Novice: 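Below you'll find the structure I mean.
In what follows, chains are A, B, ... by sequence order, proteins preceding strands, each numbered from 1. Since this is a predicted model, take the numbers as computed values, not measurements.
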Amino acid sequence: MKARHKRLGLIVAGLLLLVIAAVLITKSFRSNLVFFFTPTQVEKGEAPKSGNFRIGGLVENGSLKRLPDGLHVQFKVTDTAKTMLVEYKGILPDLFKEGKGVVAEGKLNTNGLFEADQVLAKHDENYMPPEAAAALAAAKAAKTKDSSAKEGVK
Amino acid sequence: MPKELSTFSVLYRILARDIKVALRRQSDVMAVFFFFIIAASLFPLGSSADPKLLSAMAPSVLWVTALLSCMLSLSRMYSSDHADGTLEQMMLSNQPTVLVVLMKILAHWVLSGLPLVFVAPLIGLQFNLSSAELQLLAISLLMGTLTLSLIGSIGAALTLGVHGTGVLIAILVLPLYIPVLVFGAGAVNAVSIGMNPNGALSLLGTVLAMALVFAPLGSAAALKIALE
Amino acid sequence: MPKELSTFSVLYRILARDIKVALRRQSDVMAVFFFFIIAASLFPLGSSADPKLLSAMAPSVLWVTALLSCMLSLSRMYSSDHADGTLEQMMLSNQPTVLVVLMKILAHWVLSGLPLVFVAPLIGLQFNLSSAELQLLAISLLMGTLTLSLIGSIGAALTLGVHGTGVLIAILVLPLYIPVLVFGAGAVNAVSIGMNPNGALSLLGTVLAMALVFAPLGSAAALKIALE
Amino acid sequence: MGFLASNYVLTAKNLCGVRGERLLFEKLNFELSNGSVLYLEGANGSGKTTLLRTLCGLSKPYAGAISWCNENISELAEEYSKYVLYIGHLPGIKEDLTALENLQFSLALSGEKFNFTEATEVLKLLDLAKGLNLPTRMLSQGQKRRVALARLWLQDLPLWVLDEPFTALDADATSLLKQKIEAFASAGGMVVMTTHQEVSIKVPKFEQLRLDA
Amino acid sequence: MGFLASNYVLTAKNLCGVRGERLLFEKLNFELSNGSVLYLEGANGSGKTTLLRTLCGLSKPYAGAISWCNENISELAEEYSKYVLYIGHLPGIKEDLTALENLQFSLALSGEKFNFTEATEVLKLLDLAKGLNLPTRMLSQGQKRRVALARLWLQDLPLWVLDEPFTALDADATSLLKQKIEAFASAGGMVVMTTHQEVSIKVPKFEQLRLDA
Amino acid sequence: MQWHNVDEFLAMGGYGFYVWGSFGVTFAAMALELWLLNKRRQRVTQIVKQEAI
Amino acid sequence: MKNMETKTGINWLQINWLRYASPKTFYPLAGKLIPWCATCAVLLIVYGLYLGLFVAPTDFQQGEGYRIIFVHVPAAWFSMFLYLLMAMYAGLGLVLNARLSYMMATAIAPTGAMFTLVALVTGSLWGKPMWGAWWVWDARLTSELILLFLYIGYFSLQAAIDDKNRADKASAVLALVGAINVPIIYFSVKWWNTLHQGASVSLMNAPAMAAVMLKGMLIMAIGFWLYSIAVILVRVRCEIVERDSKTTMFRQD
Ligand code: HEM
Ligand SMILES: Nc1ncnc2c1ncn2[C@@H]1O[C@H](COP(=O)(O)OP(=O)(O)OP(=O)(O)O)[C@@H](O)[C@H]1O
Ligand SMILES: Nc1ncnc2c1ncn2[C@@H]1O[C@H](COP(=O)(O)OP(=O)(O)OP(=O)(O)O)[C@@H](O)[C@H]1O
Ligand SMILES: [Mg+2]
Ligand SMILES: [Mg+2]
């Protein structure tokens with residue numbers, strides 16, 4: 001009988017601990033334990049002030065340019081809310097394209113320029129033939145035009 | 001029966017005995033200290049002298065060393081009790097095996113993990129760490145080493161009575177140690193690059209809470225299997 | 001006596017038996033491999049994102065890890081023979097104890113040091129080392145690990161019969177390992193900064209030669225004391 | 001002796017023991033009650049140790065069941081341990097601690113209070129007076145066994161499970177132990193034991209069980 | 001048996017043994033020649049094991065000297081080991097190896113060739129036929145001792161030093177061993193041994209030595 | 001059918017090394033597993049035969 | 001007296017159940033299943049390869065490089081799935097004390113480890129051209145590497161303990177403890193932002209893949225599944241014989 005009580009107590013203690021674990025894990029999601037930071041996070045000061053870190057986002061359309069020395073490239077990384085200027089010397093991965101995902105690793109200099117040591121491409125989870133992609137893009141464009149037109153009416 | 005001891009005092013005796021045995025052979029407690037200190041000092045020796053490199057290496061090197069020194073003392077956790085038959089006697093005690101195991105784990109922590117919490121910041125000074133980093137190092141080690149003892153106990157119990165245990169334990173336990181290392185060293189790295197370490201710390205807490213539940217269960221099961 | 005075996009075959013038997021015992025529990029040989037691989041992979045996990053830091057850390061991290069994994073298997077060197085009484089029997093063999101000890105050391109090297117010579121370069125690839133560095137890593141480990149086994153044997157013999165051996169051995173042996181580490185990792189560091197590694201290598205050779213003379217003597221003396 | 005006032009029964013039903021895929025014994029049935037001494041016989045390797053460990057609950061029987069006062073011991077779990085005193089091939093003492101410290105710990109494990117003077121008396125009775133403050137490591141083979149056996153004098157449990165208790169003991173210690181076992185059985189205790197030495201134990205409820213290889 | 005043809009003498013002179021600052025025995029003098037059996041008696045802790053280890057050269061005597069054919073054994077060093085077969089409290093077998101592999105290694109250590117069929121015969125004689133291919137870890141307490149004792153049948157050395165050789169053996173094995181010792185002594189071997197069990201060994205040159213605590 | 005000729009198929013749009021490397025590794029690993037397993041199976045059938053006698 | 005007790009009806013159910021779960025009845029059953037699984041596996045994998053290499057169109061982002069998906073994803077799925085299966089059998093073994101269950105767990109491990117290794121290698125081969133790095137320490141990749149280490153630990157432990165009974169139970173405990181890693185692998189891409197992409201196929205949402213591509217991938221996956229079953233069954237048969245041949249059990253009938 002006594003043994004049974006003890007076992008019950010142990011089970012309760014175990015469940016309590018599991019609840020604590022659950023609470024802690026949900027709490028940590030709101031914090032910033034991540035592989036990379038978005039420009040917004042950098043702006044808000046959540047990213048490291050010193051040392052290396054990674055930023056991630058989309059390469060802004062039309063922002064990619066090669067510097068006169070022919071070695072460095074510059075481009076802007078955006079998360080649609082904020083953007084950051086990145087400079088990099090080296091070979092870009094194949095999937096690196098304007099409008100696509102990117103993760104750059106390096107550090108922020110005093111001018112707010114992000115000097116990258118490494119640039120990685122991050123793609124999304126969509127797989128489809130180019131024609132389908134084109135059609136989808138067209139449809140999307142039409143839709144936004146549509147909605148903006150509606151907005152104009154209002 | 002008037003002569004019966006309370007659960008609490010039985011458990012206390014188990015804890016106290018382990019600590020007494022360890023203190024009797026003073027070298028044991030010292031040993032983890034010294035291993036940590038010596039091993040951590042090896043890294044600067046092996047690398048070309050560059051103070052910046054050194055301080056950048058520090059969180060990972062210190063945490064990995066702490067992890068290895070906790071791990072090294074694991075094979076001792078149950079094996080000597082097994083060899084002289086006292087483990088059998090403990091399994092036949094009138095307390096649930098899970099609690100007995102928990103006491104063994106606590107004793108291991110007090111003797112091997114806890115000292116590191118105090119020594120690590122001193123060694124960290126050698127590596128040029130700032131006071132904020134040192135503080136985080138101590139906090140993360142406090143939570144982390146307990147988790148290491150808990151998880152390690154499963155490995156120690158599983159390899160009981162198997163020869164050449166040291167290396168086998170390492171293989172079993174190191175993969176399970178990775179989250180502790182990532183979050184623990186992550187917390188220190190976070191402050192050193194000027195970020196908030198709370199995320200890493202609360203994940204460390206999650207791992208600790210889960211280990212507190214599952215490790216004693218797993219170890220108790222493993223010990224029963226080993227003694228069969 | 002017609003049935004007497006030659007010195008050579010007696011010594012060969014001692015070596016062969018150790019290797020046979022180790023192979024019987026295959027995992028033992030594998031284990032040093034795996035420990036090395038897993039432990040070496042821990043360092044990147046603990047450090048923040050910086051590929052440059054990683055390759056700068058590599059020589060020291062790989063050498064220290066090799067050293068630790070050799071050391072981990074030291075406690076096994078004599079202790080199991082001691083526990084089951086075969087060590088007593090070996091001391092009562094008709095061969096000089098120094099030679100018997102030398103065979104035990106060789107067996108340890110074949111089983112724990114030699115494999116690392118082959119694995120380390122593979123792991124080095126992960127750390128972005130150049131082929132010249134990898135080559136030096138292998139050469140320095142070839143000479144270095146034998147020295148480690150020799151020196152380690154003294155520590156293993158001294159701590160015989162003491163519990164919690166793992167950590168105690170570490171403390172005794174690590175300081176003696178420092179020269180090996182400095183010259184071994186030094187040779188690799190030398191090539192990576194474009195210098196001639198021959199100086200470091202010949203120093204490594206000197207240490208090896210000295211260890212070959214003194215380690216068996218020291219170990220034999222320590223074993224006799226332990227058995228008294 | 002609080003315990004020995006009550007009535008207990010240990011029943012083994014259809015016990016079957018296997019070690020490493022080898023059948024050691026099969027369909028064993030026996031029942032012990034207060035005052036019984038069960039003496040296991042059998043050649044080396046016949047499974048005596050295996051059976052004793054099963055009786056304490058350290059190993060699970062391959063088939064069959066053991067019950068204590070009609071409750072299965074695997075269900076009683078640590079509740080059952082309150083009644084069993086097991087001394088195996090290994091002495092179960094820590095070599096770094098003194099004899100007294102070892103005994104104190106053994107008693108704590110079964111939840112019993114430790115009486116220092118009583119324990120000292122028992123150790124003196126067992127001719128260990130000289131070694132009281134030595135770590136047991138410094139004792140000879142037989143002296144270590146005596147320390148382990150001192151528990152029989154100090155603990156108050158109704159079932160003793162003894163695996164070759166006379167090993168390494170000299171003539172004096174052997175006869176002391178023999179008398180103790182007889183006294184315990186006649187006071188209502190139960191004993192299960194094995195030994196290869198010829199020691200005649202004289203109690204009314206003496207049973208022998210032969211395990212054959 | 002090549003060895004037993006020659007004449008050997010083991011002499012102990014004024015031997016004195018100390019363990020951890022305690023005097024165990026003092027001014028022991030004895031001499032063994034071909035065919036002698038020396039039987040050490042004494043209570044637990046009286047120093048039997050200490051004396052036996054000293055006789056083999058594993059420990060140094062605190063005072064006094066041991067000589068083999070008039071040469072001091074500490075000068076003979078490993079030369080002396082060619083004549084001594086020691087079996088102590090520990091069986092001296094590797095639990096990972098099979099019985100045969102263990103015996104082969106033991107023989108190699110004293111430089112003797114190993115005869116596979118002969119060894120198998122001996123193990124069968126000792127009732128270990130079933131366990132021939134098992135690692136000795138899987139054997140019971142008594143079976144392990146039997147493996148260690150098999151060396152007595154296989155090795156050809158003139159001096160046996162046996163510390164409680166009958167421990168853990170069942171009746172069959174005990175009588176086998178007893179006969180073997182008698183046969184060895186009557187063929188000219190020397191034996192030094194201790195045991196707490198009553199085993200009567202009948203040889204002409206039987207001596208008893210009592211170490212008293 | 002996506003391909004006009006064999007070269008194009010092998011080139012995989014410039015990703016030949018990676019694509020064929022992946023497929024190669026995958027099927028090599030499976031083949032190795034099958035080979036090892038087959039060796040073991042042969043050993044086992046030997047045992048079965050022996051024991052049947 | 002002894003005979004009477006064995007004939008009482010209570011053990012009836014138990015005996016019957018043990019019969020189904022017993023290695024001896026399972027052995028021939030497995031033997032019959034193997035050829036079917038193997039044939040289907042070959043057919044499906046060949047068809048899957050045909051779909052993946054010849055029929056499926058180019059991807060709009062990754063060009064032809066994406067075709068690695070047809071081996072990477074099935075291998076990654078089965079690396080995780082087989083671990084769970086292994087842990088389940090191991091747990092079942094502990095609960096029911098059934099030898100067959102342990103043997104299944106033992107037989108699954110090598111195939112699972114093989115697929116883990118394949119997922120890691122093909123992932124690296126895919127990462128180099130697409131991401132620009134062979135390896136990064138993000139949560140998905142790290143946890144998959146831990147999975148490999150867990151498989152290695154499982155083997156090592158089993159090899160180190162040679163009392164089969166104990167080896168089974170001890171490694172079962174390890175398998176169960178390690179199972180916690182699998183959900184972490186799976187959800188890592190959701191919980192943390194990783195370099196590795198999120199799920200293209202999930203139970204909740206419509207697949208973010210063109211139908212042909214998805215079809216090829218699923219068929220490859222089913223092929224791999226049947227391959228696994230066949231290989232595991234062969235291995236479990238070997239296991240049964242090897243274990244029993246050391247004893248007299250197999251010879252008895
Ligand atoms: C070493 C590197 C890699 C590892 C260890 C790895 C591991 C995994 C694992 C474990 C899964 C299964 C999880 C799930 O089903 O959600 C997975 C799925 C997947 N991986 Fe990777 N991966 C690696 C690299 C890559 C790369 C470079 C790509 C593409 C560029 C990629 C694309 C995918 C895709 C498309 C899936 C399927 C997701 C789904 O639909 O569920 N992986 N990977
Ligand atoms: N390592 C040690 N350090 C100090 N004293 C010791 C040590 N080992 C044994 N002794 C002491 O030496 C004495 C003799 O021990 P020894 O083992 O020779 O006795 P023994 O006659 O063989 O006894 P037994 O019959 O119990 O085996 C004992 O009183 C013991 O306390
Ligand atoms: N770890 C093990 N694995 C497999 N088999 C074992 C193991 N331990 C013992 N055995 C086998 O079980 C059998 C019974 O062993 P047990 O120790 O119960 O015998 P015993 O009757 O106590 O013998 P002894 O009188 O020698 O102590 C032996 O034949 C032995 O070979
Ligand atoms: Mg026994
Ligand atoms: Mg003695």
Novice: Which residues satisfy the ring pair (Phe, Tyr, Trp, His ring centres under 6.0 Å) test with D:F105, sequence neighbours excluded?
Specialist: none
Novice: Donor-acceptor pair, distance only, cut-off 3.5 Å: does the side chain of E:D170 make one with the backbone of D:N44?
Specialist: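 The answer is yes, because a donor-acceptor pair under 3.5 Å joins these two groups.
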Novice: Counting heavy-atom pairs under 4.5 Å with chain D, which one of E:R146, E:E198, E:R19 comes out on top?
Specialist: E:R146
Novice: Sub-4.5 Å heavy-atom contacts with chain D: which residues of residues 159-169 of chain E show up?
Specialist: E:E164, E:T167, E:A168, E:L169
Novice: Take atom CZ in E:F114; do more than 12 heavy atoms of anything else shown fall under 6.0 Å from it?
Specialist: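 Yes, CZ of E:F114 has more than 12 neighbouring heavy atoms, counting only those of other groups under 6.0 Å.
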Novice: Partners of D:S74 by side chain to side chain contact (heavy atoms under 4.5 Å, CB included), sequence neighbours excluded?
Specialist: D:N72
Novice: Roughly how far, to the nearest 0.5 Å, is CD of E:Q141 from OG1 of D:T49?
Specialist: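 Result: 7.0 Å between the selected atoms.
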Novice: Using side-chain hydrogen bond (donor to acceptor under 3.5 Å, both in side chains) as the criterion, list what pairs up with D:K178, not counting sequence neighbours.
Specialist: none
Novice: Check each atom of D:R145 against the heavy atoms of chain E and say whether the ones under 4.5 Å are side chain, backbone, both or neither.
Specialist: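 Looking at D:R145, nothing touches chain E.
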Novice: Is atom CG of E:N29 surrounded by more than 12 heavy atoms (other residues, nucleotides or ligands) closer than 6.0 Å?
Specialist: yes
Novice: Could you pull out the closest heavy-atom pair between D:S140 and E:G45, with the gap in Å?
Specialist: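 Shortest heavy-atom separation between D:S140 and E:G45 comes out as OG-N, 3.1 Å.
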